[in-house]
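Remarks on the structure that follows.
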Amino acid sequence: MVTTGTLVLVGVPIGNLGDLSPRAAAELAGADAICCEDSRRTGKLLELTGIARRGPLLQVNDHTEAARTGEVLERLRRGERVVVVSDAGMPGVSDPGERLVRAVAADGLTVVVVPGPSAALAALVTSGLPAGRFCFEGFLPRKGSGRAERLRELTGERRTMVFFEAPHRLARTLADLTAALGPDRPAALARELTKRHEEVRHGALGALAIDVAADPPPGECALVVAGAEAPGPADDDSVVAALRAARERGLSSRDASTEVAAALGVAKRRAYALAIALDT
């Protein structure tokens with residue numbers, strides 16, 4: 001019987017070491033190998049939490065993930081249990097791990113997760129903004145057309161948005177988001193989450209941009225921004241214009257009213273009444 005190993009994604013603290021779960025500690029202690037972004041930081045985590053590892057620390061970061069994948073696959077095929085961690089939080093979320101997981105899954109091997117701290121979720125729930133539907137945007141493209149295009153795409157996003165940003169780029173990102181989404185958009189800026197100097201600033205996007213420009217906070221930040229408000233109901237002129245265009249394409253009053261009602265989110269009865277009025 002051939003036994004294959006398991007790749008284990010483990011969430012580690014984003015600041016407070018007390019957030020390391022017993023299950024996460026057990027996986028780190030029992031791993032045949034630990035894939036980590038920075039062996040010094042992970043080694044320090046193990047030291048501070050009193051975990052004696054039995055396997056090597058394999059550095060898997062943006063520069064080495066592709067090259068390390070083959071070695072990890074071989075370990076798993078030999079039946080080893082390989083743990084993956086990032087410097088903080090969940091691996092694969094704006095951190096290395098995604099390509100490794102994809103390769104392991106494609107090879108038919110097992111991937112499991114030990115959930116843990118997440119800066120994105122921590123910022124979201126402390127923001128006070130709607131969390132029923134949200135999207136994680138991570139880091140915006142740094143410059144050029146990619147950044148401009150992403151900002152344009154976000155203008156109509158109705159879900160709450162979560163961003164990460166480095167301290168030296170935060171003021172510019174807030175200014176760009178203010179220009180794209182408007183200064184009155186509700187937002188929250190979280191930094192040093194779970195640490196001694198944890199801070200969450202709530203306010204309008206424009207006000208936060210002014211505050212940060214005057215007093216840039218240290219440390220990486222998570223920014224949460226409210227989604228766009230739902231558009232108001234279409235007025236009669238808009239409905240009539242859409243009906244007229246549909247009738248010019250040869251649709252009957254009934255078919256035109258059905259199409260327009262669905263497209264503009266108005267009552268079918270109202271659209272049909274306006275369609276009949278066009279014929280009189």
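From a predicted model like this one, the values you see are computed outputs, not experimental measurements.
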(request) Identify the two heavy atoms, one from Ala226 and one from Arg185, that lie closest to each other, and give their separation to 0.1 Å. (result) O-NH1, 2.8 Å

(request) Give the minimum heavy-atom separation between Ala209 and Ala175, together with the two atoms involved. (result) CB-N, 4.3 Å

(message) Between Leu174 and Leu223, is the side-chain contact (heavy atoms from CB on, under 4.5 Å) condition met? List the steps.
(response) CA-CA 9 Å; Leu174 280 167; Leu223 175 65; 3.7 Å; yes

(request) Using modelled atom types only, decide if a donor and an acceptor are shared between the side chain of His202 and the backbone of Pro186 within a distance under 3.5 Å. (result) no

Donor-acceptor list for residues 11-23 side chains, cut-off 3.5 Å, not counting sequence neighbours:
unit_1	atom_1	unit_2	atom_2	d
Asn16	OD1	Gly18	N	2.8
Ser21	OG	Ala24	N	3.0
Arg23	NH2	Val113	O	3.4

(message) Strictly distance-based, threshold 3.5 Å: is any side-chain N or O of Arg81 a donor or acceptor partner for the main-chain N or O of Gly5?
(response) no

(request) Evaluate the criterion side-chain contact (heavy atoms from CB on, under 4.5 Å) for residue pair Leu264 and Val239; output intermediate values, then yes/no. (result) CA-CA 8 Å; Leu264 299 185; Val239 176; 4.0 Å; yes

(message) Using the rule that Ile, Leu, Val, Met, Phe, Trp and Tyr join whenever any side-chain heavy atoms are under 4.5 Å apart, tell me whether Leu177 and Met161 fall into a single cluster.
(response) yes

(request) Can you see which heavy atom on Gly138 is nearest to which on Ser94, and at what distance? (result) CA-OG, 3.9 Å

(request) State whether the side chain of Ser86 and the backbone N or O of Ala88 hold a donor-acceptor pair below 3.5 Å, judged by distance alone. (result) yes

(request) For salt bridge (Lys or Arg N to Asp or Glu O under 4.0 Å), just list the numbers for Arg191 and Glu198, CA-CA rounded to whole Å, side-chain angles, deciding distance to a tenth of an Å, and then say yes or no. (result) CA-CA 6 Å; Arg191 72 175 189 91; Glu198 176 179 311; over 6 Å; no

(request) Calculate, to the nearest 0.5 Å, the distance between atoms CD and CD1 belonging to Glu27 and Ile34 respectively. (result) 10.0 Å

(request) Would you give the length of the straight line joining atom CD of Glu220 to atom CD of Glu192, rounded to the nearest 0.5 angstrom? (result) 9.5 Å

(request) For residues Leu140 and Thr173, determine if any side-chain heavy atom of one lies less than 4.5 Å from a side-chain heavy atom of the other. (result) yes

(request) Would you list the pairs meeting side-chain hydrogen bond (donor to acceptor under 3.5 Å, both in side chains) in which at least one residue belongs to residues 106-118, sequence neighbours left out? (result) Arg77-Asp107

(message) I'd like to check Val72 versus Cys35 (side-chain heavy atoms, cut-off strictly below 4.5 Å). Are they in contact?
(response) yes

(message) Are Val101 and Leu7 packed together at the side-chain level, in the sense that at least one heavy-atom pair is separated by less than 4.5 angstrom?
(response) yes

(request) Answer with yes or no whether the hydrophobic clustering places Leu9 together with Val83; edges join I, L, V, M, F, W, Y residues whose side-chain heavy atoms lie under 4.5 Å apart. (result) no

(request) Would you indicate whether the side-chain heavy atoms of Val225 and Leu154 approach each other to under 4.5 Å? (result) no

(request) Give a yes or no on this: more than 12 heavy atoms of other residues, nucleotides or ligands lie within 6.0 Å of atom CD of Glu199. (result) yes

(message) Going by the rule side-chain contact (heavy atoms from CB on, under 4.5 Å), which residues pair with Glu71 if we only count those two or more places apart in sequence or in a different chain?
(response) Leu58, Arg68, Arg75

(message) Please evaluate residues Arg133 and Thr160 with respect to the criterion side-chain hydrogen bond (donor to acceptor under 3.5 Å, both in side chains), reporting the C-alpha separation (whole Å), side-chain torsions for both, the decisive distance (0.1 Å), and the verdict.
(response) CA-CA 7 Å; Arg133 297 184 70 226; Thr160 299; over 6 Å; no

(message) Measuring from atom OG1 of Thr178 to atom CG of Asp184, what distance do you get when rounded to the nearest 0.5 angstrom?
(response) 10.0 Å

(request) Decide yes or no for Glu47 and Arg53: does some side-chain heavy atom of the first lie under 4.5 Å from some side-chain heavy atom of the second? (result) no

(request) Indicate the atoms forming the closest heavy-atom contact of Leu129 with Ala188, along with that distance. (result) CD1-N, 4.5 Å

(message) Rounded to the nearest 0.5 Å, what separates atom OG1 in Thr42 from atom CG in Leu28?
(response) 8.5 Å

(message) If hydrophobic clusters are built by linking Ile, Leu, Val, Met, Phe, Trp and Tyr wherever their side-chain heavy atoms come under 4.5 Å apart, do Val85 and Ile51 end up in the same one?
(response) yes

(request) Scan residues 224-237 for pairs that pass side-chain hydrogen bond (donor to acceptor under 3.5 Å, both in side chains), counting only residues two or more places apart or in two chains. (result) Asp235-Ser238, Asp236-Arg270

(request) Return each pair, listed once, that meets ring pair (Phe, Tyr, Trp, His ring centres under 6.0 Å) where at least one residue sits in residues 93-136; pairs must be two or more places apart or across chains. (result) Phe136-Phe164

(message) side-chain contact (heavy atoms from CB on, under 4.5 Å), that's the test. Do Glu157 and Thr155 meet it? Break it down for me.
(response) CA-CA 6 Å; Glu157 177 57 67; Thr155 58; over 6 Å; no

(message) So, using side-chain contact (heavy atoms from CB on, under 4.5 Å) as the criterion, who are the partners of Ala166 when residues are at least two apart?
(response) His168, Arg169

(message) Could you check whether Glu248 pairs with Arg244 (Lys NZ or Arg NE/NH1/NH2 to Asp/Glu carboxylate O, under 4.0 Å)?
(response) no

(message) Working note: Arg201 + Leu208, criterion side-chain contact (heavy atoms from CB on, under 4.5 Å); need CA distance, chi angles, decisive distance, verdict.
(response) CA-CA 8 Å; Arg201 302 183 189 181; Leu208 288 175; 3.8 Å; yes

(request) Identify the two heavy atoms, one from Ala256 and one from Ala246, that lie closest to each other, and give their separation to 0.1 Å. (result) CB-CB, 3.7 Å

(message) If hydrophobic clusters are built by linking Ile, Leu, Val, Met, Phe, Trp and Tyr wherever their side-chain heavy atoms come under 4.5 Å apart, do Val60 and Met90 end up in the same one?
(response) no

(request) Determine whether Leu76 and Glu80 make a side-chain contact, defined as any pair of heavy atoms from C-beta on separated by less than 4.5 Å. (result) no

(message) Is any side-chain heavy atom of Arg150 closer than 4.5 Å to one of Arg147?
(response) no

(message) Could you check whether any side-chain N or O of Ser39 sits under 3.5 Å from a backbone N or O of Leu57, counting only pairs where one atom can act as donor and the other as acceptor?
(response) no

(request) Output the distance between atom CD (Glu165) and atom SG (Cys221), rounded to the nearest 0.5 Å. (result) 8.5 Å

(request) Determine the minimum heavy-atom distance between Ala123 and Ala190, stating which atoms define it. (result) CB-CB, 4.1 Å

(request) Indicate yes or no: at least one non-hydrogen side-chain atom of Val212 is less than 4.5 angstrom from one of Pro217. (result) yes

(message) Same cluster or not: Leu181 versus Val224, using hydrophobic residues (I, L, V, M, F, W, Y) connected whenever any side-chain heavy atoms lie under 4.5 Å apart?
(response) no

(message) Set out, in order, the CA-CA distance, both residues' side-chain angles and the distance that settles salt bridge (Lys or Arg N to Asp or Glu O under 4.0 Å) for Glu259 and Arg254, then state yes or no.
(response) CA-CA 9 Å; Glu259 178 184 287; Arg254 186 172 299 279; over 6 Å; no

(request) May I ask you to check whether Thr258 and Asp255 show a side-chain donor-acceptor distance below 3.5 Å? (result) no

(message) Return the CD to CG distance between Glu37 and Asp87, rounded to the nearest 0.5 Å.
(response) 4.0 Å

